[in-house]
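Convention: sequence-line order gives letters A, B, ...; per-chain numbering from 1.
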Protein chains: 2
Amino acid sequence: MTNDETAADGPLRKFRRQSPDERRHALMEATLRCLAEHGAEKTSIRTICREADVSVGLINHYYSGKEALIADVYERVANDLLATLRDEMDRAGGDARTRLSGFFQASFSSVNLDAGLLRVWLSFWSMTHQSHSVAAVHDRTYRMYLQTLEGLLAELASERPNRALDVRLTAIGLSGVLDGLWVEWCLNPRTFSPAEAVRICEACLDGLLATGLSPTASADGAPASAPGGR
Amino acid sequence: MTNDETAADGPLRKFRRQSPDERRHALMEATLRCLAEHGAEKTSIRTICREADVSVGLINHYYSGKEALIADVYERVANDLLATLRDEMDRAGGDARTRLSGFFQASFSSVNLDAGLLRVWLSFWSMTHQSHSVAAVHDRTYRMYLQTLEGLLAELASERPNRALDVRLTAIGLSGVLDGLWVEWCLNPRTFSPAEAVRICEACLDGLLATGLSPTASADGAPASAPGGR
DNA sequence: GCATTTGTTGAACGATTGTTCAGTAGCCGG
DNA sequence: CCGGCTACTGAACAATCGTTCAACAAATGC
């Protein structure tokens with residue numbers, strides 16, 4: 001079952017040589033499955049190798065260590081996620097507001113709403129402290145994530161030139177709601193539904209757009225009754 | 001230095017007997033320091049015992065295992081955080097809107113903005129999968145956290161009876177922004193400032209209040225241009 | 001002062017960790 | 001068909017993991 005050799009190969013072959021690219025990809029996939037299933041704490045070199053159906057020594061042949069492997073997986077997972085979100089966003093519609101809604105809905109689609117996926121991201125985040133490379137991957141991918149949101153918001157702002165809008169802060173706020181709700185849903189799916197999460201994001205976006213979060217406002221965090229607070 | 005015996009005790013005493021409550025408290029504090037410093041992966045029974053200046057066997061005398069100890073720490077940390085937030089909130093002012101601002105500011109005060117503290121929470125969250133008790137602590141404490149926000153929002157809604165407001169969903173949204181921004185700040189403090197985080201929360205709150213998130217709205221997550229959207 | 005209670009120790013257990021490296025074997029050019 | 005390259009194996013390593021438990025010692029009551 002774990003060995004999908006063609007039948008003609010016979011039982012004699014001990015292993016199959018693969019190109020570095022193929023093998024690296026297989027190792028990353030196996031690592032991903034292990035992280036999702038057991039979490040970072042229980043994911044050992046041996047667990048990964050058993051999942052990938054290779055021997056313990058192979059990982060250190062392709063990677064300098066466990067840390068480098070996981071950093072590589074992080075980069076791949078983050079890029080895949082962003083690509084998926086962008087696809088769904090573009091599929092949603094033409095104007096910026098509709099595409100933002102598509103972004104929200106894709107964020108809370110069944111593909112992403114998985115406790116295993118949360119375990120994967122928690123593993124990455126826990127490693128940012130001990131591993132420079134993992135922290136670097138986080139910075140790089142999160143910046144791209146923000147840039148995607150900023151692009152949409154800039155487009156949306158140009159459609160409504162009468163209002164000022166701090167694109168950077170608004171994007172940060174959106175990513176905050178999205179991430180926060182996603183984490184909480186994965187930790188306890190019974191608290192709210194994905195559809196409710198999307199509605200919350202829409203409402204927050206409207207609030208961020210109305211306020212504008214203009215950079216000219218006072219720098220300190222004074223509470224100050226909100227200007228449009230009625 | 002680690003032994004603060006009174007001078008008269010002399011160098012002969014090997015250890016000091018303590019009451020179960022004292023010892024349990026000391027073990028929890030030591031565990032907290034270890035989780036903040038090294039993360040869950042590198043926090044072993046031996047690390048904790050060295051930090052608490054006790055022998056390896058003592059933990060299993062007070063707790064059924066590592067898991068039970070950490071669940072206990074989780075409960076304590078979550079309760080302490082909520083108590084602090086409530087204090088700062090009440091200190092902020094009288095009306096609900098001002099107290100909510102106080103809640104925001106306390107969430108992003110220097111006490112909470114610590115990468116070590118994030119490591120602690122990541123440890124807890126990663127364990128919800130393998131440990132029933134840790135998951136139970138999360139459910140219980142997060143519910144109390146939500147109830148605090150819901151109380152403030154209900155109070156705020158009663159001050160403005162003309163608008164409908166889904167208190168539950170709004171509280172979930174707020175907790176999402178707060179958590180999401182907090183996690184992201186701890187992962188990379190250079191992206192935005194605490195004061196900016198507070199401003200974002202205020203703007204999101206205004207948006208949530210304006211929309212009302214009334215439960216009568218369509219249940220599906222249809223984008224639909226927001227009713228009050230200018 | 002002595003016996004009792006029990007908080008505390010620390011050696012020892014088997015299991016598992018990441019990494020190393022000498023050796024094996026699949027595959028490709030000849 | 002055969003040498004050579006190298007992807008690959010897997011035993012072995014030292015270190016560390018969580019847990020156990022018999023022995024020890026500090027406090028308490030007598």
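- As rounded to whole Å, 16 Å separates atom P of dG10(C) from atom CG of N60(B).
- Taking atom CD1 of I48(A) as the reference point, atom C1' of dT16(C) lies 14 Å away to the nearest angstrom.
- Aromatic ring orientation, Y145(B) versus Y142(B): parallel (interplanar angle below 30°, classes split at 30° and 60°).
- Of the two residues contacting DNA chain C, namely V54(B) and S64(A), the nearest-nucleotide position lying further toward the 5' end is that of V54(B).
- A close approach under 4.0 Å does not occur between any side-chain nitrogen or oxygen of H61(A) and OP1 or OP2 of dC8(D).
- Rounded to whole angstrom, the span from the CG atom of L58(A) across to the P atom of dT20(C) amounts to 14 Å.
- For the pair K42(B) NZ and dT17(C) P, the interatomic distance rounds to 13 Å; values are reported in whole Å.
- Rounded to an integer number of Å, the gap from Q18(A) CD to dC27(C) C1' is 13 Å.
- Using a 4.5 Å heavy-atom cutoff, the side chains of M127(A) and Y74(A) are not in contact.
- The separation between L27(A) atom CG and dC8(D) atom C1' is 11 Å, rounded to whole Å.
- In this structure, R24(A) atom CZ and dA7(D) atom C1' are separated by 12 Å, rounded to whole Å.
- Minimum atom distance to the side chain of S44(A) is reached by dG18(C), of the listed dT8(C), dG18(C), dG26(C).
- The phosphate of dT6(D) has neither OP1 nor OP2 within less than 4.0 Å of any side-chain N or O from R17(A).
- At least one side-chain nitrogen or oxygen of R13(A) sits closer than 4.0 Å to the OP1 or OP2 atom of dC27(C).
- Donor-acceptor pairing under 3.5 Å is recorded for the side chains of E202(B) and S101(B).
- The base of dG18(D) is paired with the side chain of R46(B) by a donor and an acceptor separated by under 3.5 Å.
- Put simply, the side chain of S126(A) does not reach to within 4.5 Å of the side chain of R119(B), judged on heavy atoms.
- Contact annotation: Y62(B) reaches the phosphate of dT8(C) (side-chain N/O to OP1 or OP2, under 4.0 Å).
- R23(A) has a side-chain polar atom (N or O) that falls below the 4.0 Å cut-off from OP1 or OP2 of dC8(D).
- Side chain to side chain, E88(B) and S109(B) fail the donor-acceptor criterion of an N or O pair below 3.5 Å.
- For the pair S55(A) and dG10(D), the criterion of a side-chain N or O lying under 4.0 Å from OP1 or OP2 is not met.
- The NZ-P distance, from K66(B) to dT16(D), rounds to 15 Å in whole Å.
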